[in-house]
Amino acid sequence: MTPEESAGQPKRDALPAEGWAPFSSLTTRVIVIFISLLIFGIGSFTFLSLRWEHSHLLNAARESSQLLLNTIERSIFNSMRIGNTEDVQIILQMVGRTHKLAAVRIFHPQGIVLKSANPLEVGKPVNANDYNLFINNKKEGVYTLPGNGEVLGMIRPIYNQEPCHVCHGHQAHLLGVLDINYSLAETQKKILKTTQIFVVSTVIIIIFLSVAISILMIRLVRRPLNALADKMMLVERGDLSVRMKAGRMDEVGRLIVSFDSMVEKLERAKKELELIHFEQLERADRLASMGEMAAGIAHEIKNPLTGIAGAITIINDDFESADPRREIVNEVLEQIKRLDKTVNDLLFFGKPAPPEPTYADVNDILRKTLWFAAQHRGGKNIEKRLELQEDIPLVFVDPKQIQQVFLNLTLNAVQAMAGGGILTIRTDQVSREDGVWVRIGIADTGPGIPPQILEKIFAPFFTTKAQGTGLGLAICHKLITQHHGTITVRSEDGKGTEFVILLPAVSLGGSETVATPELPVHS
């Protein structure tokens with residue numbers, strides 16, 4: 001493969017290597033779980049079936065033994081009833097020729113063989129297993145008999161009934177015990193053959209189902225998911241032209257359809273963002289040019305304006321106090337001051353001075369600010385309330401710039417209450433997960449800010465005042481941001497407005513706390 005071809009192939013190194021971690025694959029885990037469930041389920045069914053089949057074969061052997069035992073008992077009883085005891089031995093020998101019987105005998109309650117299909121056993125002690133059945137009052141038992149393998153032993157007591165009194169008298173209650181040993185060799189062969197058939201069939205079924213499930217999982221799930229993962233890697237690298245074709249409408253097919261829809265929307269959103277970004281760059285470039293031009297114009301206006309103000313002041317001093325022209329000159333001076341403030345705002349917003357921070361007490365800055373604001377001609381009819389926390393921590397700020405922010409907000413509050421009201425300035429300490437903060441609130445009881453313009457008040461050049469520049473709050477926002485703080489506003493139409501400022505407090509060691517402020521409500 002050429003380097004160009006290899007560059008076009010998605011790299012799978014970012015995903016876990018299945019050769020090294022096979023169980024990291026979802027399909028592998030599902031296949032293993034399915035096969036385990038199959039082995040458990042089919043194995044359990046096979047085990048129970050074998051148990052049932054074994055029990056069935058043993059019951060069949062038990063029924064055959066019971067039938068033989070009943071037949072021998074009736075034959076012996078008929079012979080002994082007529083006193084022909086020699087026929088008993090013949091009957092036992094004839095029955096003993098059956099290949100399924102390993103032994104058939106009659107033994108005394110004391111354990112001595114009285115009659116047997118094997119004449120060599122007569123007079124000898126009976127097998128210990130058979131005698132234990134009699135001693136323990138059991139009717140049957142399975143045990144291993146040397147030379148015959150596993151046998152089913154069954155016993156039947158022979159009681160001294162009335163027809164037997166002729167030969168055996170009335171004294172003995174139990175004449176003997178009829179004992180047979182039914183060979184289970186044929187039954188064991190059947191059980192072994194049945195077990196082999198069940199095991200082989202179970203293994204074949206499990207292998208067949210495992211292979212079928214594996215093939216289905218690989219073809220229907222693993223391959224489509226791997227293909228989807230490859231396409232998603234291409235999308236992650238920025239190629240939004242990739243698409244997949246859903247060949248079926250199952251869950252995987254719907255996933256592929258959703259993937260294609262998502263990529264299509266991402267491609268469309270990317271094009272829209274590129275267009276918006278290009279427009280914003282053009283706008284930012286125009287604004288930068290206009291800002292430089294405005295700063296230059298403001299700088300050119302400031303010097304002549306200062307000269308005009310000085311000249312007007314000299315002329316004003318030449319007029320007597322009762323001269324009506326003096327009022328006109330004072331109005332000219334007032335307008336020159338307003339123009340000078342506008343020029344200063346333009347210069348500061350275009351190129352703000354770097355802060356000169358020091359450790360400062362916010363309460364002291366607020367007290368000085370309120371004194372300056374009280375000199376405003378509209379502040380005489382306003383009630384001023386100071387709610388300052390005395391043990392407030394210090395902040396690391398430029399006092400002049402912060403005082404400029406407080407004064408601007410305070411004057412805005414005073415101007416908003418032209419008919420009178422309450423100006424409330426409060427401070428307190430806020431402890432949060434991201435550090436300790438000093439909170440400053442400046443509230444008024446004016447008409448409030450309409451909701452439709454609340455989010456625009458910090459935008460440059462946005463103003464609702466007839467003679468405003470729209471830079472006051474924008475400068476406040478910039479200054480607070482430079483000091484790693486936040487400024488937010490809360491307002492209810494007709495009830496008043498409150499500006500809330502958060503500044504990071506200074507720790508006892510004298511270093512500024514490292515804190516991440518929350519996003520402002522409107523900033």
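All residue numbers in this chain count up from 1 along the given sequence.
Taking each heavy atom of Phe406 and Ile442 in turn, the nearest pair found is O-CD1, 4.1 Å. Between Val506 and Tyr359, the closest heavy-atom pair is CG1-CE2, 3.8 Å. Residue Leu152 comes nearest to Ser65 through the heavy atom pair CD2-OG, 3.5 Å, listed as atom of the first residue, atom of the second, then distance. Residues Ala505 and Pro393 approach most closely at CB-CG, 3.7 Å, considering heavy atoms. When all heavy atoms of Leu145 and Ala102 are compared, the pair lying nearest together is CD2-CB, 4.3 Å. When all heavy atoms of Gly448 and Thr497 are compared, the closest pair comes out as CA-OG1, 3.4 Å.
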Determine, step by step, whether Arg62 and Asn59 satisfy the side chain to side chain donor-acceptor pair (under 3.5 Å) criterion, reporting the C-alpha distance in whole Å, the side-chain angles of both residues, the deciding distance to 0.1 Å, and the verdict. CA-CA 5 Å; Arg62 187 176 291 106; Asn59 288 334; 2.7 Å; yes
As a quick check of understanding, evaluate side-chain contact (heavy atoms from CB on, under 4.5 Å) for Phe34 and Ile39, giving each step before the final call. CA-CA 9 Å; Phe34 277 165; Ile39 294 174; over 6 Å; no
Show, in sequence, the C-alpha distance, side-chain angles and deciding distance for Arg439 and Asp428, and conclude whether the salt bridge (charged side-chain N to carboxylate O under 4.0 Å, His left out) test is met. CA-CA 5 Å; Arg439 181 168 55 188; Asp428 61 354; 2.6 Å; yes
Evaluate the salt bridge (charged side-chain N to carboxylate O under 4.0 Å, His left out) criterion for residues Glu121 and Lys115: first the C-alpha distance (whole Å), next the side-chain angles of each, then the deciding distance (0.1 Å), finally the verdict. CA-CA 8 Å; Glu121 288 185 341; Lys115 303 287 185 179; over 6 Å; no
Take Ser241 and Asp239 through the test side chain to side chain donor-acceptor pair (under 3.5 Å) and record every step on the way to the result. CA-CA 6 Å; Ser241 62; Asp239 185 3; 2.5 Å; yes
Under the side-chain contact (heavy atoms from CB on, under 4.5 Å) criterion, do Met244 and Phe259 qualify, and how do the steps go? CA-CA 8 Å; Met244 297 184 66; Phe259 170 79; 4.1 Å; yes
Could you go through Leu479 and Ile487, starting from their C-alpha distance and side-chain angles, then the distance that decides it, and tell me whether this counts as side-chain contact (heavy atoms from CB on, under 4.5 Å)? CA-CA 10 Å; Leu479 291 176; Ile487 178 171; over 6 Å; no
side-chain contact (heavy atoms from CB on, under 4.5 Å) between Ile440 and Leu366: does it pass, once the steps are laid out? CA-CA 9 Å; Ile440 305 100; Leu366 286 171; 3.9 Å; yes
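Judged by distance alone, the side chain of His108 and the main-chain N or O of Gln110 form a donor-acceptor pair under 3.5 Å. Asp179 places no side-chain N or O within 3.5 Å of a backbone atom of Val104 that could act as its donor or acceptor partner. A donor-acceptor contact shorter than 3.5 Å is absent between the side chain of Thr202 and the backbone of Gly43. Here the side chain of Ser55 pairs no donor or acceptor atom with the backbone of Arg51 at under 3.5 angstrom. Looking at Thr427, its side chain does come within 3.5 Å of a backbone N or O of Gln389 through a donor-acceptor pair. Side-chain N or O atoms of Tyr131 include none that pairs as donor or acceptor with a backbone N or O of Ile112 at under 3.5 Å. No donor-acceptor pair under 3.5 Å is formed between the side chain of Asn136 and the backbone N or O of Lys138. Using modelled atom types, no side-chain atom of Thr424 and backbone atom of Leu386 make a donor-acceptor pair closer than 3.5 Å. Using a distance-only test at 3.5 Å, with no hydrogens or angles considered, a donor-acceptor pair links the side chain of His483 to the main chain of Asp398. Side-chain atoms of Asn181 do not come within 3.5 Å of backbone N or O of Gly153 as any donor-acceptor pair.
In this structure, CD1 in Ile180 is found 8.0 Å from CD in Gln66, a value given to the nearest 0.5 Å. From Ile480, atom CD1 reaches atom CG of Leu503 across 5.0 Å, with rounding to the nearest 0.5 Å. One distance of note links SG of Cys476 with CG of Leu409; it measures 4.5 Å at 0.5 Å rounding. Note that CD of Gln196 is 9.0 Å distant from NZ of Lys193, once rounded to the nearest 0.5 Å. One finds the CD1 atom of Ile501 at 13.0 Å from the CH2 atom of Trp437 (value rounded to the nearest 0.5 Å). Expressed to the nearest 0.5 Å, how far CD of Glu140 lies from CG of Leu69 amounts to 10.0 Å.
The one candidate from Asp361, Thr358, Val362 that meets the side chain to side chain contact (heavy atoms under 4.5 Å, CB included) condition with Leu394 is Asp361.
The shortest distance between side-chain heavy atoms of Leu57 and Glu53 falls below 4.5 Å. Annotation: side chain of Leu184 is not in contact with side chain of Val151 (no heavy-atom distance under 4.5 Å). Between His477 and Thr481, some side-chain heavy-atom pair lies under the 4.5 Å cut-off. Side-chain contact between Ile425 and Arg385 is absent, with no heavy-atom pair separated by less than 4.5 Å. Contact annotation: the side chain of Pro450 approaches that of Ile453 to within less than 4.5 Å [non-hydrogen atoms, C-beta and beyond]. The side-chain heavy atoms of Val177 and Ile158, taken from C-beta on, include no pair separated by under 4.5 Å. Put simply, the side chain of Ser261 reaches to within 4.5 Å of the side chain of Lys265, judged on heavy atoms. For the pair Leu502 and Thr488, the minimum side-chain heavy-atom distance is 4.5 Å or more.
Between Trp52 and His56, the ring-plane angle classifies as parallel under the 30° and 60° cut-offs. By the 30° and 60° cut-offs, the orientation of the rings of Phe134 relative to Phe107 is perpendicular.
Residues Arg105 and Asn127 have side chains that never bring a donor and an acceptor to within less than 3.5 angstrom of each other. Judged purely by distance below 3.5 Å, without hydrogens or angles, the side chains of Thr195 and His54 pair a donor atom with an acceptor atom.
Between Arg426 and Glu498 there is a salt bridge, since a side-chain N of the basic residue sits under 4.0 Å from a carboxylate O of the acidic one.
In this structure, Glu274 places its CD atom where more than 12 heavy-atom neighbours from other residues, nucleotides or ligands lie under 6.0 Å away. Within 6.0 Å of CD in Glu492 there are 12 or fewer heavy atoms belonging to other residues, nucleotides or ligands.
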